[in-house]
Asks: 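My questions will all concern the structure given below.
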Amino acid sequence: MNFNDLFSSVNNIKGVGQVIAKKLSERGIENKIDLFLNLPTGAIDRTFCPKLDHLEVGKISTIFVRPVKHYFPRFRNLPNKVICKDEFGTIDIIFFNSRENYIKQILPLNEEVVISGKVAFYKNKFQITNPDYVQPVDKERDIKKIMAKYPAVTGISPKTIQKIYKEEIGKLKNFKEWHRNKLLEEMKWPTWYEAIYNLHNPSNISDVDKQSPFYRRLAFDEIFSNLLIFSEIKKRIKQLEKKPKNIPSEILIEIKKVIPFTLTNSQNNACAEILMDINSSKKMMRVLQGDVGSGKTIVSLISAFVTVKSGYQVAFLCPTELLAKQHYQLFKKLLISTNCSIQLLSGKLKNSEQNSIRNLLSKKKIDIIIGTHSLFQEKTLFQNLGLIIIDEQHKFGVQQRINLSLKGNINTDVLLMTATPIPRTLILTNYGDMDISTLKEKPFNKTNIQTLSKSTEKIDEVITFVEKRLELNDQIYWVTPLIEESEKLKLTAAIKRFDYLKKKLKVEIGLVHGSMKSDEKDKIMDEFINGKIKVIVSTTVIEVGIDNQNANTMIIENCERFGLSQLHQLRGRVGRGKKDAFCLLLYSKNIGENGKKRIQILKSSLDGFYISEEDLKLRGFGDIIGYKQSGEKDFLIADPVFHSDLFEIAKNEIEDIQSLKINIVDNYSYLLKIFKKDKILNIIDTG
Ligand code: ADP
Ligand code: MG
């Protein structure tokens with residue numbers, strides 16, 4: 001098999017027809033390489049071959065026996081049975097749902113066969129029920145071994161899967177090594193071929209373990225290719241020369257005067273880093289990460305302002321209309337004395353109004369434009385766009401981001417702001433192409449948020465608690481259950497709770513949910529923010545961004561259904577001022593261990609960075625809400641929890657090879673192709 005054969009369809013494999021190919025394709029297995037990278041989840045040891053007087057209950061055993069009697073009972077429900085012997089004992093082989101003829105064919109009387117399966121003991125007799133293998137003895141070698149166990153594919157029997165792998169793995173060859181010998185020797189890693197071969201053909205159970213050298217080599221390859229591509233993108237972007245924006249430092253002093261509070265050290269540092277980028281001749285590609293409530297908005301405002309002062313326009317992209325509006329109002333309020341012209345480009349405006357705003361933009365009558373990503377329609381033209389800011393960027397995928405950074409203008413800097421802190425390992429793989437600023441501290445020492453938990457059954461106590469908070473002039477967020485399957489059910493739950501609260505509480509209550517028109521939603525949010533509505537019942541639509549310092553109590557129903565980071569994000573809506581804040585987690589009777597752990601972690605910490613690491617451990621990679629939503633492809637092989645050390649090693653290796661000026665595209669072309677990363681670089685070259 002030469003390298004290109006890896007990318008030929010599984011259809012070409014003997015025994016794989018259209019039906020099987022289709023089933024495989026539903027599992028994402030299209031080409032032979034997909035098949036090889038679909039690693040076993042474990043292995044079964046079939047090397048234990050006891051004589052029948054040495055059987056052990058519960059053990060997978062491979063036995064050599066002679067069938068001596070067939071029993072085919074004529075009653076339904078009763079299984080078929082074949083009594084087998086060797087020179088030392090007897091065993092019953094039991095078949096449920098097998099036809100008589102088939103059994104006679106595979107277990108003919110008095111001919112020696114090899115049988116493999118789990119041994120049980122029933123009514124004083126040893127037995128194997130529905131054995132995994134029954135074969136003539138000359139097939140011994142195919143069975144009496146350690147067998148890789150693959151994730152189930154609906155519609156294909158495990159045996160067929162075994163056969164497919166057996167057919168192909170033997171044809172695989174070694175390819176020219178892409179890693180440096182030095183690395184392989186230090187890590188004591190096998191070649192790519194040895195890794196693949198031994199994972200599919202293990203000689204020990206531990207070979208298929210996530211920490212085996214075979215597995216680690218492949219996990220490393222995947223992580224490495226991921227980081228390599230990011231580093232390559234970064235390098236190429238850094239080669240682009242832009243016109244430095246000349247921003248005098250007085251401007252920073254000027255803008256800080258209009259901000260009604262003193263910046264935290266983290267905010268000051270981030271501003272300095274951004275200013276340096278903006279002033280340099282390299283395009284800025286920076287991500288600003290910070291916990292919820294760490295004050296990212298002000299940093300973006302300062303960045304926007306200084307960019308405008310150096311004669312450029314700024315585009316600010318928000319994930320929702322609501323947030324766009326809130327940012328717009330804040331920018332207007334704070335920048336009122338600075339003669340910056342700021343506009344909101346709302347998708348809700350009439351076409352003619354939108355066009356007139358676009359017209360003003362193209363004539364540079366607008367300095368800062370705020371909107372959702374409809375802002376980036378082709379018809380929006382800027383005269384000289386100097387900075388794109390993207391808030392809560394986890395709704396965008398890597399590919400979208402690359403397009404964004406490469407489109408537009410060479411002089412356009414890019415600043416992304418993440419909604420939640422990202423686990424250490426994932427920041428490298430998600431933002432390896434970018435520079436990173438982190439807001440480590442929060443403006444308020446948020447120990448004033450108390451996190452409590454209660455069973456939903458004690459709803460009366462919850463109501464009493466809410467009444468007390470309302471008397472103290474607090475406002476309440478009430479988040480209703482997350483029901484993933486159906487928007488309709490979600491709505492029903494929210495409406496039910498809304499009606500219930502309306503009956504119980506004597507204050508104005510609002511309801512917002514995902515299937516509402518956005519202006520209805522905005523109207524209610526507005527009334528909540530200006531205090532007319534005291535309690536807002538919502539599905540998770542309030543998750544991102546919204547800032548109402550007067551609302552300091554949050555109730556989250558069915559908290560066990562939310563991810564840890566998501567709960568933390570929700571909780572971050574309260575405690576944004578100096579007042580005491582409460583987050584009450586309501587759980588239902590059937591809360592699992594994991595759910596309880598999540599509550600415990602939330603109660604013990606307000607640190608989003610810590611929580612995101614714990615989330616990763618609890619839920620595993622790819623499950624973290626937000627990362628998954630972004631549509632970014634999960635790792636196939638690597639597991640950021642098990643293989644966290646490999647990320648650092650990959651990073652160092654990339655730094656080394658870069659200083660050695662190794663031609664990455666040539667040297668690692670096979671690797672990049674294996675992990676389907678080669679196309680990304682093409683986009684950059686052409687785009
Ligand atoms: P996030 O990082 O979650 O987007 P925001 O930018 O919305 O956080 O800021 C959270 C709240 O903290 C806002 O009400 C904001 O006005 C306030 N804030 C931001 N920075 C400071 C600061 N240095 N001192 C006091 N309050 C601040
Ligand atoms: Mg924000």
Asks: Can you tell me how far CG of L317 sits from CE of M417, rounded to the nearest 0.5 angstrom?
Replies: 10.5 Å
Asks: Find out whether L570 and I556 are in side-chain contact, i.e. whether some heavy atom of one side chain is under 4.5 Å from a heavy atom of the other.
Replies: yes
Asks: Just how far is it from atom CG of L602 to atom SG of C583, taken to the nearest 0.5 Å?
Replies: 7.0 Å
Asks: Among residues at least two apart in sequence or on other chains, which ones pass side chain to side chain contact (heavy atoms under 4.5 Å, CB included) with S337?
Replies: V258
Asks: Between atom NE2 of H513 and atom OG1 of T539, what is the distance when rounded to the nearest 0.5 Å?
Replies: 7.5 Å
Asks: Can you name the nearest heavy-atom pair linking I524 to M516, along with the distance?
Replies: CD1-CE, 3.5 Å
Asks: Please report the closest heavy-atom contact between L426 and P640, naming both atoms and the distance.
Replies: CD2-CG, 3.8 Å
Asks: Without swapping roles, check the side chain of N384 against the backbone of G311 for a donor-acceptor pair under 3.5 Å.
Replies: yes
Asks: Should E560 and R598 count as an ion pair when the cut-off is N to O under 4.0 Å?
Replies: no
Asks: Only pairs at least two apart or in different chains count here, so list each side chain to side chain donor-acceptor pair (under 3.5 Å) that has a residue in residues 357-366.
Replies: Q354-R358, R358-Q377, R358-T380, N359-K363
Asks: Answer yes or no: is there a donor N or O on one side and an acceptor on the other, between the side chain of E613 and the main chain of R424, under 3.5 Å?
Replies: yes
Asks: When you measure from the side chain of N552 to the backbone N and O of Q549, does any donor-acceptor pair fall under 3.5 Å?
Replies: yes
Asks: Please list, chain by chain and in numerical order, all residues satisfying salt bridge (charged side-chain N to carboxylate O under 4.0 Å, His left out) with K532, sequence neighbours excluded.
Replies: E527
Asks: Pairs in or reaching into residues 259-274: which pass salt bridge (Lys or Arg N to Asp or Glu O under 4.0 Å), with residues at least two apart or in two chains?
Replies: E273-R286
Asks: For the CG atom of D391 and the OG atom of S300, what is their distance to the nearest 0.5 Å?
Replies: 7.0 Å
Asks: Output every pair passing salt bridge (Lys or Arg N to Asp or Glu O under 4.0 Å) with a member in residues 323-344, not counting sequence neighbours, ordered by first then second residue.
Replies: K325-D526
Asks: Between K245 and S310, which heavy-atom pair has the shortest distance, and what is it?
Replies: CB-OG, 3.6 Å
Asks: Other residues, nucleotides and ligands only: do more than 12 of their heavy atoms fall within 6.0 Å of NZ on K578?
Replies: no
Asks: Output all residues satisfying side chain to side chain contact (heavy atoms under 4.5 Å, CB included) with T438, sequence neighbours left out; order by chain, then residue number.
Replies: Q289, I436, K440, F609
Asks: Using side-chain heavy atoms (C-beta onward) and a distance below 4.5 Å, is L428 in contact with L227?
Replies: yes
Asks: So does I298 get a backbone contact from the side chain of Q267, meaning a donor-acceptor N/O pair under 3.5 Å?
Replies: no
Asks: Which heavy atom of F582 sits nearest a heavy atom of V574, and at what distance?
Replies: O-CG2, 4.0 Å
Asks: I need the S588 OG to N558 CG distance, nearest 0.5 Å.
Replies: 4.5 Å
Asks: Could you tell me whether the side chain of K534 reaches within less than 4.5 Å of the side chain of I509, counting heavy atoms only?
Replies: no
Asks: Can you pull the side chain to side chain donor-acceptor pair (under 3.5 Å) pairs that have at least one residue in residues 251-262, sequence neighbours excluded?
Replies: K256-N268
Asks: Could you give the distance from CE (M554) to CH2 (W478), rounded to the nearest 0.5 Å?
Replies: 12.0 Å
Asks: Are Y431 and I422 packed together at the side-chain level, in the sense that at least one heavy-atom pair is separated by less than 4.5 angstrom?
Replies: yes
Asks: For L360, I'd like to know if atom CG has over 12 heavy atoms of other residues, nucleotides or ligands within 6.0 Å.
Replies: yes
Asks: So, does S294 use its side chain to make a donor-acceptor pair with the main chain of K442 at under 3.5 Å?
Replies: no
Asks: Holding to ring-ring contact (aromatic ring centres under 6.0 Å, His included), I want the full list of residues that pass it with Y312, two or more places apart in sequence or in another chain.
Replies: none
Asks: Please confirm whether the backbone N or O of G608 pairs with a side-chain atom of D291, one donor and one acceptor, at under 3.5 Å?
Replies: yes
Asks: Do any pairs count as a salt bridge (Lys or Arg N to Asp or Glu O under 4.0 Å) and have a residue in residues 305-316, sequence neighbours left out, and if so which ones?
Replies: none
Asks: Would a 4.5 Å heavy-atom cut-off, applied to side chains only, mark M284 and I274 as touching?
Replies: yes
Asks: Using atom types as modelled and distance alone, determine if a side-chain donor or acceptor of T456 lies under 3.5 Å from a backbone N or O of Y587.
Replies: yes
Asks: What I want to find out is whether K282 reaches E241 closely enough, with some N-O distance under 4.0 Å, to be called a salt bridge.
Replies: yes
Asks: Main chain of S303, side chain of T307: is a donor-acceptor contact present, judged purely on distance under 3.5 Å?
Replies: yes
Asks: Taking side chain to side chain contact (heavy atoms under 4.5 Å, CB included) as the definition, give me every residue that meets it alongside Q343, ordered by chain and number, with sequence neighbours left out.
Replies: I357, I366, I369
Asks: Can any side-chain N or O of Q313 pair as donor or acceptor with the backbone N or O of L361 at less than 3.5 Å?
Replies: yes
Asks: Does a salt bridge link E520 with K523, judged by any charged N lying under 4.0 Å from a carboxylate O?
Replies: no
Asks: Got L288 and L416 here, is their nearest side-chain heavy-atom distance under 4.5 Å?
Replies: no
Asks: So, for A324 and C318, which heavy atoms are closest and what is the spacing to 0.1 Å?
Replies: CA-SG, 3.6 Å
Asks: Is it true that, when you exclude K348 itself, more than 12 heavy atoms of the residues, nucleotides or ligands shown sit nearer than 6.0 Å to its NZ?
Replies: yes
Asks: Measure from the side-chain N and O atoms of D367 to the backbone N and O of C340, and report whether any donor-acceptor pair falls under 3.5 Å.
Replies: no
Asks: Restricting to non-hydrogen atoms, name the atom on S565 and the atom on D615 that form the minimum distance, rounded to 0.1 Å.
Replies: OG-OD2, 2.8 Å
Asks: Output every pair passing salt bridge (Lys or Arg N to Asp or Glu O under 4.0 Å) with a member in residues 499-516, not counting sequence neighbours, ordered by first then second residue.
Replies: none
Asks: Can you name the side-chain hydrogen bond (donor to acceptor under 3.5 Å, both in side chains) partners of K242, sequence neighbours left out?
Replies: D413
Asks: Is the gap between the ring centers of F316 and F331 under 6.0 Å?
Replies: yes
Asks: Do the side chains of I536 and I476 get nearer than 4.5 Å, heavy atoms only?
Replies: no
